[in-house]
Protein chains: 2
Amino acid sequence: MTTTFCYQYPHPAVTTDVVLFTILETRLQLLLIRRGGEPFRGEWALPGGFLEIDEDLEHCAKRELSEETGITDVYLEQLYTFGYPDRDPRERVISVTYYALSPPDRMELRAASDADEVRWFPFEEIPRLAFDHNSIVELAHRRLIAKLTYSTIAFQFMPENFTLSELQGVYEILRNEKLDKRNFRKWILALDQIEETGQKRRNGNHRPAMMYRVTNPERVEIIR
Amino acid sequence: MTTTFCYQYPHPAVTTDVVLFTILETRLQLLLIRRGGEPFRGEWALPGGFLEIDEDLEHCAKRELSEETGITDVYLEQLYTFGYPDRDPRERVISVTYYALSPPDRMELRAASDADEVRWFPFEEIPRLAFDHNSIVELAHRRLIAKLTYSTIAFQFMPENFTLSELQGVYEILRNEKLDKRNFRKWILALDQIEETGQKRRNGNHRPAMMYRVTNPERVEIIR
DNA sequence: GCAAAAGTGTTATCCCTACACCCATGA
DNA sequence: TCATGGGTGTAGGGATAACACTTTTGC
């Protein structure tokens, strides 16, 4: 049975695609799926898919991410809408893209839905992707790096409890430079966005580190 | 004759809407049209309309702006995509919104197309708008103000030649505060984005002012 | 006692802010 | 000569950047 939906004027299809970042093995990585259907079958692409007709855009992004990869509860933000003609060989497709950040715990990846395989790729080793997804990744990365400097977005990479050295490590990976330990601590504590948990982590043959948590983990604050 | 376009799955309609700002009579103003068709006939709204099936999104935004208001050659940047269900009573509509900036010259407004009337409104006096257009305006304004502090976006309000006092006036209107003349001049010249034209403007019973132009008027530079 | 990461203050530099007077012109 | 906006420099305060040693633990 094939029902059809008819309109007086031609309508484009609308999809969402998600660039999900995490920090894994001291590198910035992002999640790709191997496409199980045409077009670009067998090629790597961003998780995403078609908007349902009564579904909010953000809901669609989260649903597709969850369906294709099993990942839920990420920080999600709208990135940009790509819509030049012929970006999809099937029909006119407008893609509303999102980028997402997740701590490197809760990661039981499972391929499902349209995805044959799901994998984290280090940002430096991203292959050629289906559609215009390489440009989407580029833009998401620029936005992430820009937001680092004027918001607390990097906290979205942290697990519930973490040490200041771990947090500094995340900033160093993202900014791709060594930071001064004392200056980093002064700066990050002055933001007044993280607090001591009172717990310490002993973690090898050295002094245990004080654990911290984000005071308001739901919010990304604008700083400066 | 009514041709129809049919799809296997339901498709939303896609529109673009544009928030066009200018500075007129020492106030931030934006362009609204009075709707000539249903829904919301007779109410004020943003210029915009349906995407044609082979048309780029940005082209659609510029085309609708031009068709409904006669304005062309503005600085245009994508803002956000609004798409929650029921934001349009007719059918599911995804709106890719843009904001635009224009100098206060070249303004032969003419209502046309779906617009019964076109008018500049001071930002503080915006009426209740059709659809969710008030939230779009709010977001555009926040983005504009934010970009002021880390980019040269304000130059897009300037005509080809201008004095430093005029430029300072634009910043004062946007930031809604008086600025120190000497500090403003030091800062703006240090950006190295404007240059003297060599011309002076004599403009009343006082010393003539040096004219400046934007070195690279096409580009909005990130500063700081 | 040694290896390894945690933790901690001070100084110099740069940038931003505050602030007041003379200049060129037209009437 | 007067009214009007155009044009100019300096000093103080606050934030940022550079920099090295002691502490706590496990083995």
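Order of the sequence lines sets the chain letters (A, B, ...), proteins ahead of strands, with each chain counted from 1. These values consider heavy atoms only, across backbone and side chains, with no hydrogens, waters or symmetry-generated copies.
- Heavy-atom nearest nucleotides on DNA chain D were determined for B:Met211 and for A:Gly204, and the one closer to the 5' end corresponds to B:Met211.
- A:Arg185 has its CZ atom 7 Å from the P atom of C:dA6, to the nearest Å.
- With B:Arg41 contributing its side chain and B:Gly36 its backbone, the two residues share a donor-acceptor pair below 3.5 Å.
- A salt bridge links A:Lys147 with A:Glu77: the closest approach of a Lys/Arg side-chain nitrogen to an acidic carboxylate oxygen falls below 4.0 angstrom.
- Regarding A:Ile188, its CD1 atom lies at a distance of 17 Å from the C1' atom of C:dT8, rounded to whole Å.
- In this entry the distance linking CG of A:Leu164 with C1' of C:dT8 reads 12 Å, nearest Å.
- Residue B:Lys200 contributes atom NZ, which lies 12 Å from atom P of C:dG26 at whole-angstrom precision.
- Here the P atom of nucleotide C:dC19 and the CG atom of B:Leu179 are 15 Å apart, to the nearest Å.
- Judged by the 6.0 Å and 45° rule, A:Arg182 forms no cation-pi pair with A:Phe184.
- The distance between atom CZ of A:Arg201 and atom C1' of C:dG7, rounded to the nearest whole Å, is 16 Å.
- The distance between the ring centers of A:Trp187 and A:Tyr171 falls below 6.0 angstrom.
- Note on A:Glu196 versus A:Arg213: no salt bridge recorded, every NZ/NE/NH1/NH2 to OD/OE distance being 4.0 Å or above.
- Close placement of the B:Tyr80 and B:Phe82 rings is indicated, their centers lying within 6.0 Å of each other.
- In this structure a side-chain-to-backbone donor-acceptor pair under 3.5 Å is missing from B:Glu43 to B:Phe40.
- No engagement by B:Thr163 is indicated, since no non-hydrogen atom pair under 4.0 Å with the nucleic acid exists.
- Across the protein-nucleic acid pair, A:Leu167 atom CG and C:dG7 atom P stand 13 Å apart, rounded to whole Å.
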Protein-nucleotides 9-13 of chain C N/O pairs closer than 3.5 Å?
| residue | atom | partner | partner atom | Å |
| --- | --- | --- | --- | --- |
| C:dT10 | O4 | A:Lys186 | NZ | 3.0 |

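- If you walk DNA chain D from 5' to 3' and mark each nucleotide with an atom closer than 4.0 Å to a heavy atom of chain B, the marks span D:dA3 to D:dT10.
- Ion pairing of A:Arg27 with A:Glu125 is present here, as a side-chain N (NZ or NE/NH1/NH2) and a carboxylate O approach within less than 4.0 Å.
- Between B:Asp17 and B:Ser95, the side chains place a donor N or O and an acceptor N or O closer than 3.5 Å (distance only, hydrogens not considered).
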Could you go over nucleotides 2-4 of chain C and give all protein N or O partners under 3.5 Å, atom names and distances?
| residue | atom | partner | partner atom | Å |
| --- | --- | --- | --- | --- |
| C:dA4 | N3 | A:Asn205 | O | 3.2 |

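- Here B:Arg63 pairs with B:Glu55 in a salt bridge; the nearest charged N to carboxylate O distance falls below 4.0 Å.
- Between the B:Ser135 side chain and the B:Asp132 main chain, a donor and an acceptor come within less than 3.5 Å of each other.
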